[in-house]
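Step one of this worksheet: look at the structure below.
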Amino acid sequence: METLAQQRKRASKPLLWIGIGSIIMAFAGLTSGYVVSRTTLVANEQWLTFELPSAFISSTIAILLSSTVLWWGMSQIKKGNVSALKVSLGITLVLGVIFAFLQVQGWKELIDEEIYFAGAGSNPAGSWVYAISVFHLLHLGGGIIALVIALFKSLRGAYSAEDFHGVSLLSIYWHFVDLLWVYLYVFLTLIR
């Protein structure tokens with residue numbers, strides 16, 4: 001008979017995929033709303049066209065690097081290299097924080113260009129960029145929390161070549177959040 005811990009472990013990956021599906025639907029709704037707003041407002045000449053902040057491309061590079069480092073760490077733990085996993089988790093965490101910092105820098109760039117989220121002088125085009133990027137950053141925040149937990153667990157010796165399930169789940173989520181941002185960045189760049 002399966003223990004409660006084994007049942008939880010077996011159920012964790014399908015639950016993660018259900019959560020990812022929910023996030024995909026939420027972002028599909030946001031991007032659809034963006035398209036509908038843009039289509040309506042362009043016809044009325046009320047859509048503001050502007051370049052995305054340069055910090056957004058830097059943040060995209062940071063998150064792509066973080067995924068690459070985490071992928072390397074996963075490949076190393078499968079070979080039993082626990083030290084490499086610890087290093088990769090630490091570097092991924094730092095790159096995740098850098099991504100968040102660069103996103104905030106991007107918002108400051110928007111404000112400097114007088115593109116506001118709400119209030120006097122705001123435009124739906126800018127509001128959508130803020131809403132989409134803030135919503136993504138909140139999901140990345142969940143990944144950062146999971147990275148911190150995984151890093152502490154790895155420092156305490158919780159993972160091995162035989163048991164790295166928690167890091168595997170984190171890796172799936174982190175790569176998803178990474179790919180989601182790349183999609184959002186390309187979407188916001190092309191649908192201006």
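All residue numbers refer to positions in the sequence shown, counting from 1.
Atom CZ of Phe152 has 12 or fewer neighbouring heavy atoms from other residues, nucleotides or ligands inside a 6.0 Å radius. The neighbour count for Gln6 CD, taken as heavy atoms of other residues, nucleotides or ligands under 6.0 Å away, is above 12. Heavy-atom contacts from other residues, nucleotides or ligands closer than 6.0 Å to CH2 of Trp72 number more than 12. Enclosure of atom CZ in Phe50 by more than 12 non-hydrogen atoms of other residues, nucleotides or ligands within 6.0 angstrom is indicated.
Taken together through direct or relayed side-chain contacts under 4.5 Å among Ile, Leu, Val, Met, Phe, Trp and Tyr, Val104 and Ile115 form part of one hydrophobic cluster. When hydrophobic clusters are built by joining Ile, Leu, Val, Met, Phe, Trp and Tyr residues whose side-chain heavy atoms come closer than 4.5 Å, directly or via intermediates, Ile191 is grouped together with Ile24. With hydrophobic clusters built from ILVMFWY side chains whose heavy atoms lie under 4.5 angstrom apart, Leu15 does not share a cluster with Val177. In terms of hydrophobic clustering, with Ile, Leu, Val, Met, Phe, Trp and Tyr side chains grouped at heavy-atom distances under 4.5 Å, Leu179 and Phe176 are assigned to different clusters. Following chains of ILVMFWY side-chain contacts shorter than 4.5 Å, one can reach Val148 starting from Ile172, so the two form part of one hydrophobic cluster.
Residues Glu109 and Ser54 bring a donor and an acceptor atom of their side chains to less than 3.5 Å of each other. Side-chain atoms of Ser171 and Trp71 include no donor-acceptor pair closer than 3.5 Å. Side chains of Ser133 and Gln103: a donor-acceptor N/O pair is absent below 3.5 angstrom, by distance only.
Across all non-hydrogen atoms, the minimal contact from Trp174 to Ser66 is NE1-OG, 2.9 Å. Taking all atoms of both residues into account, the shortest heavy-atom contact from Ala55 to Leu102 is CB-O, 3.3 Å. Shortest non-hydrogen contact noted between Ser88 and Gly73 is OG-CA, 3.1 Å. Across all non-hydrogen atoms, the minimal contact from Val167 to Met74 is CG1-SD, 3.3 Å. In terms of heavy atoms, Leu170 sits closest to Gly143 at CD1-O, 4.0 Å. Contact detail for His136 and Ile63: the closest heavy-atom pair is CE1-CD1, 4.4 Å.
Considering only heavy atoms from C-beta on, Leu89 stays 4.5 Å or farther from Val69 through its side chain. The shortest distance between side-chain heavy atoms of Leu64 and Thr60 falls below 4.5 Å. Residues Leu110 and Phe117 fail the side-chain proximity criterion, which asks for heavy atoms closer than 4.5 Å. Within the 4.5 Å cutoff, the side chain of Trp47 has heavy atoms near those of the Pro124 side chain. Between Trp128 and Leu30 the shortest side-chain heavy-atom distance falls below 4.5 Å. Contact of the Leu184 side chain with the Leu180 side chain is registered, since non-hydrogen atoms from C-beta on lie closer than 4.5 Å. For the pair Ile77 and Lys86, the minimum side-chain heavy-atom distance is 4.5 Å or more. Residues Tyr34 and Leu188 are in side-chain contact: their nearest non-hydrogen atoms beyond the backbone lie under 4.5 Å apart.
Considering Asp178, Leu16, Leu140, Leu147 as possible partners of Tyr173, the one that fulfils the side-chain contact (heavy atoms from CB on, under 4.5 Å) test is Leu16.
The distance between the ring centers of His139 and Phe27 falls below 6.0 angstrom.
Ring-plane geometry between Trp181 and Tyr185 is classed as tilted, the angle between the planes lying from 30 to 60 degrees on a 0 to 90 degree scale. Between Tyr130 and Trp107, the ring planes lie tilted relative to each other; the angle falls in the 30° to 60° range.
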Q: Start with the C-alpha gap between Ile144 and Phe99, add the side-chain angles, then the distance that decides, and say whether side-chain contact (heavy atoms from CB on, under 4.5 Å) holds.
A: CA-CA 11 Å; Ile144 288 175; Phe99 173 87; over 6 Å; no

Q. Checking side-chain contact (heavy atoms from CB on, under 4.5 Å) for the pair Asn123/Tyr116: CA distance, chi angles, key distance, verdict?
A. CA-CA 7 Å; Asn123 182 280; Tyr116 305 107; over 6 Å; no

